[in-house]
Structures are given as structure tokens and as C-alpha cells.
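Note sheet for the following structure.
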Amino acid sequence: MTDTIVAVLVEHRNHEIAQPTFEALTLARSIGRPVAVWMGQEPPADAVAALGEFGAQEVRVLAIGERARHPKTASAALAAAAGDAALVLVVSTFLTKEIATHLAIATDAGVVVDAAGADMVDGRVEVRQTVFGATWNVRTRINADRAIVAVLPNTTKATPADTAAVAEVVDVVAALPDVRESIDAVVPVAREEGVPLSEAAVVVAGGRGTNGDYTLVRELADVLSGAVGASRDATDEGWISHEHMVGQTGVTVTPALYVACGISGAVHHRGGMQASGTIVAVNIDPDAPIFEIADFGVVGDLNDVLPQAIDALRAHRQG
Amino acid sequence: MRIVVTVKFVPDLQSQRSFTDGTVTRTADDGTMNELDENAVEAALQLKESLPEGEAEVYAITVGGPDAVAAVRKALQLGVDHAVHVCDEAIAGSDVFGTARVLAAAVRQIEKDGPVGLVITGMAALDGLTSMLPTALAAQLDIAQLTLASTLAVADGVATIERHLPDAHETVTAKLPALVSVTDEANKPRYPNFKLIMAARSKPVTTLSLADIGVDRAQVGAMASRTTVIEASPQPPRENRLKVTDTGDGGTHLAQFLIERGLA
Ligand SMILES: Cc1cc2nc3c(=O)[nH]c(=O)nc-3n(C[C@H](O)[C@H](O)[C@H](O)COP(=O)(O)OP(=O)(O)OC[C@H]3O[C@@H](n4cnc5c(N)ncnc54)[C@H](O)[C@@H]3O)c2cc1C
Ligand SMILES: Cc1cc2nc3c(=O)[nH]c(=O)nc-3n(C[C@H](O)[C@H](O)[C@H](O)COP(=O)(O)OP(=O)(O)OC[C@H]3O[C@@H](n4cnc5c(N)ncnc54)[C@H](O)[C@@H]3O)c2cc1C
């Protein structure tokens, strides 16, 4: 079984590897022999070293630059780099789902996205997922000889390999297809300080109940070293940018701790956070649906509850 | 120009919630048109309305069991011109690729009467939620894919979209024919009015079988699916849930809870 090659598509931004890549490498090690696939510009040496530390024996590099933004192109490149892999792991994002779809069509692979884990049973990849807004757990078998699994961040704990590999850099040349789409403008979204929302171990989210003032939500996120999330009502109001929206049409998050402040818990919102480890809610309305899924709920005004909690947590940190 | 909109029949999200709230117990087949497909229908109708009268026709297609006709009926009520329901026992259990194959064949069937310029889909179906279908359908049809559009403009045979990815906002263009998937930011769906609801009653729905659209039964359905759900169980309810009412020390309780759980 350990001969199974598991290719992991590296997520990186400005040469910095995103944490879920290390989680995917950790998962890959439990199934077979991990190789990392790097697309874009050449990886820096420290990135290669870090991939090796998490068990990648090779880093297969496709120096295709910005062309990697085209899902079909990225898929062709990934196919060239992962031809020997029985399983390809990607980090679940809108873009990687499109890459996975093209790759599946090109290679007859089966795909499961938004996975919480995977293992190999009798030579077939089996995938764990929560569906229907995290109200059901399912196990899906991929029947095809080749499998592609898109894993959600925070579902595997990233741990370095017992014996770090010195990853060998292998340049891969891929024949890239013509594409019909032209990407005429790319405006980067400024990256906020701290951990990205989808990867954060702690998310503190504010909704309409904040009335547009995110100061307390940000302070609580800060003291818990977490990221800031929001409901759609809050992003629609323009109180906070769209990138912060958690939910079925926004970001799906699975942090160890999710704190919902002034969020009613609409089914669309729950679908994007219900699989979180521990859920805490602060809401003035005792009947708010968010309390149905909260491990700990405080019925109260967030303007009273949050400052006191922040002070107590700061005191705990210092003492 | 012909514009095809794909609409999926999905279990009603709100009905699940009212079930848990202890209200009306509904049957499992209580469903509706996928909410996000309302944005797809709206995009198609807006485009049609921006063109001179008679220049564009909008078709809605759904693939699903007998109940799924409700999805295209809803689209008719919103104002689409034609409704197509592909229904065949052999489709049951299809994966994304099987579904895309069937939808592509249905689009080609419509093309027999004249070219299709645009296929518009929702960004995700709120049950399967894979967001893979639009890419798979564009690949099957071998046309350009403009996915996750938060804006859409069509001029001189070219479609232009804006796409908001977490790391960047892209502007992407392609010549028609193209497939566009729209997000819920793209527009605000209209409500069906009385006049449209009445008019929709007399509009026919074309029902097609796999044989009608020339799809081999062996290539779709559960047998051809590359993925099989082998276990499914409801998520157990969260245990030992606590709820306190703030009487001046709610914040302290919250902090204590986090500290005791090792989360702070
Ligand atoms: C197709 C579709 C897709 C959608 N996708 C998403 C999605 O991905 N994500 C998402 O979030 N939404 C989504 N929505 C919207 C969703 O249905 C809800 O409308 C939204 O989540 C509500 O946001 P909210 O909880 O902030 O606001 P509300 O529902 O208005 O709730 C505000 C809450 O704040 C409480 N409150 C008020 N004042 C205070 C106070 N001082 N202290 C404490 N509590 C207070 C209130 O009691 C209330 O419970 C979608 C909707 C549709 C139709
Ligand atoms: C809980 C669940 C999990 C699943 N997991 C997988 C999986 O891991 N891999 C897999 O290959 N398949 C999976 N399927 C099957 C898959 O959902 C169906 O094949 C489905 O028809 C297409 O995928 P989607 O619902 O995810 O659509 P999405 O790609 O999320 O939908 C995007 C848009 O495509 C259009 N569309 C989708 N389906 C139809 C339809 N039947 N008729 C008309 N328009 C449609 C709609 O416009 C929709 O807005 C799953 C289904 C369910 C219910």
C-alpha cells in the first residue's frame, strides 16, 4: 500500500505555503507516498524544505506562471505531474474544484470535494464528508482507479514526518491546452494580517447584531488569535468585505472554535460553519436558531458580554 | 439567441428547518428549485430583456425524477419561454459527470432548432453543493467556461464576467457560445407575479427520456457513477450544551467556558 503515490497540489500565495497543504501532506502520508506538485513560479528553497519536512519526497514543479489561473490549464499541468498518482489531493477551494473537475474528465477519475478525511480500503479510496449543512455524515467510495479528493482545511492535524525527507525538485514540462477564456484583469485582494479565514483554528464572526461595529468582534478574535468572519447580512450592508462571509455561498469553515456574535443562525449560514469543533453563540434573542447548535450560548447583548469576556481572556493570557 | 438555464430540484432547506423546529412534518420529496438557480434564471431574463423583442428565447432544463418538474415550472413562473424536463429511471444515482452528460445532450437537442449562445447555471446546488457541474457541463459541450460570475455583460458576441476569488478579483472574457455560472451577488431574483403564474399554467413542459436525447443508459446512473455513498448517518446532536442568560456575568462565563475547554 505504501507504494501508492499520492500527489498533493500545493496551495501557495507569494511563495508562502498555506497551512492546509501541510494538513493534506499529513493525510497523504497515512495513505501512501506523498509527492508535492507546485504550480506557478519556481518554489524558493525554504518552501521545498518545508514540504520535505512534512514528508514530500519530491516537489514536482510546473513553472507555468499566471497560466495556472486557468482551471483547464492547471488541470493539464497537474495531469502531467501526477500521472503516476492513484490519488490526487487538493485543498478545497472554488478554483481547485474546477481544476479537479477538468482533471477527472481527462483521466476518468472520481471526485469528492469538501472532504473531512480519506483512507484506502481494499484498494479503493474512501472519503469522509459531512453534508446537508453538516447534519449528516457520509462515507463515499471512489470506484474509479484514479481518485481526486478536495479536503477542507482544519480536518487533519498537520504533523511533520518522523523522518523528514529531503525533497527532490523535479521540473515537469506539460503540454498546455488552448483555452477559450481570457483573463483580462487580476486585481489582488489585499491580504489581512493573521491567518486566512478558511484556515483559522478560531473564527469569531459578527452579524447584523453588531450593527456595523466590528471593534469587539475583532478584539475577541485578536485575543483568541483567530480570524474574523461575518454573515451575509453584514457583508451585504458593506460593514465588512465579502471575503469574510461564512456560509453556503461564502467560505466553509471548520475551526476548532467558532464564536457567532449577533448572528441568528440561518440555514445558509449554518451550512458553512456547523462542522466546527466547538460552537459558541452570543445573541440577545433566546430563541435564535444559532442556539440549537451552540455548545455554549449566552443570551445577552454582545455589547455587554464581549467586553467582559475579552477582559477575562486577556487576564487569563497574562496570568 | 437561445439562452439555456439549468435548474435543479433540491430538498427545501427551510422545510428541513421547520421540521426541526417541530412544525409541519413534511415528506422527503418536499422540494423546490435550487435557490441559487433563481439567480441563473434572473440573469437569463435580464439578458433577454436587454435585447430587442423577439431576439432571445430562454429555455430552462432540469434533470431529475418525476417531482423535478416543479423546478422548471418555477422557472416558467419567473418568465422563461420554454421548459425541458429530462426524466428517466436510468439517470438515478448519477454523479456530476453523468448529470453533465445528460444536460449536455439536452442542450444539443435544443440546438437542433437553432444555436444556443449561452448556458447559465447557478454557482452551486444547495444539496450536492459540489460546484463542479458548471465546469463539467462546459467541458462536455466543449464551450468556454465563465464561472462564479458576480457580474455578466454580453456584447458583440463576447461575454464578460467578474469573478471574485479569495485571493483576487478577475475579469474574464470569452466568445460565445459560453457557459456562465452566476453567484448570488450577480442580481436580485424577481418574484413570480400573478400574471406570470397564470401564464405559466398554459405553457407546456417538454419531457425527454435518455433515448430521446441519444444518451446511452450505461453511461449514466448509479452504475456508471465514479463515486458511491456507502454509509450515511445523521450527525448526532451536540451533547451537554449549555445556555446561560447574561445577568451581568455572561462574558465571564463565556471566558471560563473557553478556558476550561482549553480553547483560550
Ligand atoms: C441563496 C441564499 C444564500 C445565502 N448564503 C448565505 C451565506 O453563505 N452566509 C450567510 O451568512 N447568509 C447567507 N444567506 C442569508 C441568510 O439566509 C440570512 O439572511 C443571514 O445569514 C442573516 O444574517 P444575520 O444572522 O447577521 O442577520 P439576522 O438574521 O438579522 O440576525 C441578527 C441576529 O442578531 C441578534 N442581535 C441583534 N442585536 C444584538 C445584540 N446587541 N447583541 C446580540 N445579538 C443581537 C438578533 O437577535 C438576531 O438573531 C443566504 C441567503 C440566500 C437566499
Ligand atoms: C449530498 C450529495 C453529495 C454528492 N457528492 C458527490 C460527489 O462527491 N461527487 C460526484 O461526482 N457527485 C456527487 N453528488 C451527485 C451530484 O450532486 C449530482 O450529480 C448533481 O446533479 C450535480 O452536482 P451538484 O448537485 O453538486 O451541482 P453543483 O455543481 O453544485 O450545481 C451547480 C449548478 O448546476 C446545475 N445543476 C446541477 N444539477 C442539476 C440537475 N440535475 N438538473 C439541472 N441543473 C443542475 C444548477 O444550475 C446548479 O446551480 C452528490 C449528491 C448529493 C446530494
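Quick note on labels: first sequence line is chain A, next is B, and so on, each numbered from 1.
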Chain B heavy atoms under 4.5 Å from Ser198(A): which part of the residue, side chain, backbone, both or neither? neither
So which of Leu257(A), Val131(A), Val112(A) has the largest heavy-atom pair count under 4.5 angstrom toward chain B? Leu257(A)
Tell me, for Arg124(A) versus chain B, whether the close heavy atoms (under 4.5 Å) come from the side chain, the backbone, both or neither. neither
Within the structure provided, determine whether Asn137(A) and Pro236(B) are in side-chain contact (heavy-atom separation under 4.5 Å). yes
When the 4.5 angstrom heavy-atom criterion is applied to Leu224(A) and chain B, the contacting part is side chain
Quick one: do Arg69(A) and Asp167(B) satisfy side-chain contact (heavy atoms from CB on, under 4.5 Å)? Show the steps, please. CA-CA 11 Å; Arg69(A) 296 199 79 86; Asp167(B) 72 323; 3.4 Å; yes
Based on non-hydrogen pairs under 4.5 Å, which of Ile293(A), Asp114(A), Asp304(A) is most in contact with chain B? Ile293(A)
Leu165(B) and Val189(A): which non-hydrogen atoms are nearest, and at how many Å? O-CG2, 4.0 Å
Any side-chain to backbone donor/acceptor pair from Lys243(B) onto Pro286(A)? Under 3.5 Å, distance only. yes
For chain B, which candidate among Gly300(A), Ala185(A), Ala312(A) shows the most heavy-atom pairs at distances under 4.5 Å? Ala185(A)
Contact class of Arg128(A) relative to chain B, heavy atoms under 4.5 angstrom: neither
Okay, Ala109(A) and chain B: the region with an atom under 4.5 Å from a heavy atom over there is backbone
Options Leu95(A), Thr278(A), Asp311(A), ranked by heavy-atom pairs under 4.5 Å with chain B, top entry: Thr278(A)
With rounding to the nearest 0.5 Å, note down the distance linking CG in Asp184(B) to OG1 in Thr249(A). 4.0 Å
Using 0.5 Å steps for rounding, measure from the NE2 atom of His253(B) to the CZ atom of Phe296(A). 7.0 Å
May I ask you to test the Asp108(A)-Phe97(B) pair for a side-chain heavy-atom distance under 4.5 Å? no
side-chain contact (heavy atoms from CB on, under 4.5 Å) between Thr135(B) and His102(A): does it pass, once the steps are laid out? CA-CA 7 Å; Thr135(B) 300; His102(A) 279 293; 3.3 Å; yes
Does a side-chain heavy-atom distance below 4.5 Å link Val111(A) with Val96(B)? no
Between the side chains of Thr147(B) and Glu98(A), is a donor N or O closer than 3.5 angstrom to an acceptor N or O? yes
Kindly assign one of parallel, tilted or perpendicular to the pair His164(B) and His242(A), based on the angle between their ring planes and the thresholds 30° and 60°. perpendicular
Closest approach of Val186(A) to Ala168(B) (non-hydrogen atoms, all atoms of both residues): CG1-CB, 3.7 Å
Note: Gly250(B) and Val305(A) closest approach over all heavy atoms is C-CG1, 4.0 Å
Surrounding CD of Glu16(A) (heavy atoms of other residues, nucleotides or ligands, distance under 6.0 Å), is the total greater than 12? no
So which part of Val113(A) gets closer than 4.5 Å to some heavy atom of chain B, the side chain, the backbone, both or neither? side chain
Is Met132(B) close to chain A through its backbone or its side chain, or both, or neither, when contacts mean heavy atoms under 4.5 Å? both
Could you tell me whether a side-chain N or O of Asp246(B) sits under 3.5 Å from a main-chain N or O of Val298(A), the two making a donor and an acceptor? no
Between Gln129(A), Lys97(A), Lys72(A), which has the largest tally of heavy atom pairs under 4.5 Å with chain B? Lys97(A)
Any heavy-atom pair between the side chains of Asp142(B) and Arg180(A) that's under 4.5 Å? yes
If we ignore hydrogens and angles and just use 3.5 Å, is the side chain of Glu181(A) paired with the main-chain N or O of Gln145(B) as donor and acceptor? yes
Under a 4.5 Å heavy-atom cut-off, does chain A meet the side chain of Glu185(B), its backbone, both or neither? side chain
Looking only at heavy atoms and a cut-off of under 4.5 Å, which of Thr130(B), Thr173(B), Leu254(B), Leu129(B) has the most pairs with chain A? Thr173(B)
Which atoms of Asp184(A) approach chain B - backbone, side chain, both or neither, heavy atom under 4.5 Å: both
With Arg141(A) as partner, the option from Ile230(B), Val229(B), Thr227(B) fulfilling side chain to side chain contact (heavy atoms under 4.5 Å, CB included) is Ile230(B)
Which atoms of Pro71(A) come close to chain B, meaning under 4.5 Å heavy atom to heavy atom: side chain ones, backbone ones, both, or neither? side chain
Kindly say whether Gly248(B) contributes a backbone atom to a donor-acceptor pair with the side chain of Gln308(A) at under 3.5 angstrom? yes
If you count heavy-atom pairs within less than 4.5 Å of chain A, which of Ser233(B), Ala232(B), Ala255(B), Ala144(B) leads? Ser233(B)
Which answer fits Leu148(B), side chain, backbone, both or neither, if we ask what part of it has an atom under 4.5 Å from a heavy atom of chain A? side chain
Report which part of Glu126(A) has an atom under 4.5 Å of a heavy atom belonging to chain B: side chain, backbone, both, or neither. side chain
Any heavy-atom pair between the side chains of Gln274(A) and Gln235(B) that's under 4.5 Å? no
At a 4.5 Å cut-off on heavy atoms, which part of Leu258(B) comes close to chain A: side chain, backbone, both, or neither? side chain
Non-hydrogen atoms of chain A under 4.5 Å away: do they reach the side chain of Ala264(B), the backbone, both or neither? both
Using modelled atom types and a 3.5 Å cut-off, is there a donor and acceptor pairing between side-chain atoms of Arg238(B) and backbone atoms of Ala294(A)? no
Looking only at Thr183(B), Asp249(B), Asp95(B), Leu36(B), the option with the highest number of non-hydrogen pairs under 4.5 Å against chain A is Asp249(B)
Counting heavy-atom pairs under 4.5 Å to chain B, which of Pro196(A), Ala104(A), Ala144(A) comes out on top? Ala104(A)
On a heavy-atom basis, which atom in Arg226(B) and which in Gly110(A) lie closest, and how many Å separate them? CB-CA, 3.5 Å
Can you tell which part of Arg13(A) gets under 4.5 Å to a heavy atom of chain B, answering side chain, backbone, both or neither? side chain
Counting only heavy atoms not in Arg217(B), do more than 12 sit closer than 6.0 Å to its CZ atom? no
What part of Thr160(B) gets closer than 4.5 Å to chain A, counting heavy atoms only: side chain, backbone, both or neither? neither
Looking at chain A, which one of Ala174(B), Pro237(B), Pro234(B), Ala136(B) has the largest number of heavy-atom pairs inside 4.5 Å, strictly under? Pro234(B)
Chain A interface, residue from Ile143(B), Leu146(B), Asn240(B) that has the most non-hydrogen pairs under 4.5 Å: Ile143(B)
Please flag which part of Ile279(A) lies under 4.5 Å from any non-hydrogen atom of chain B: side chain, backbone, both or neither. both
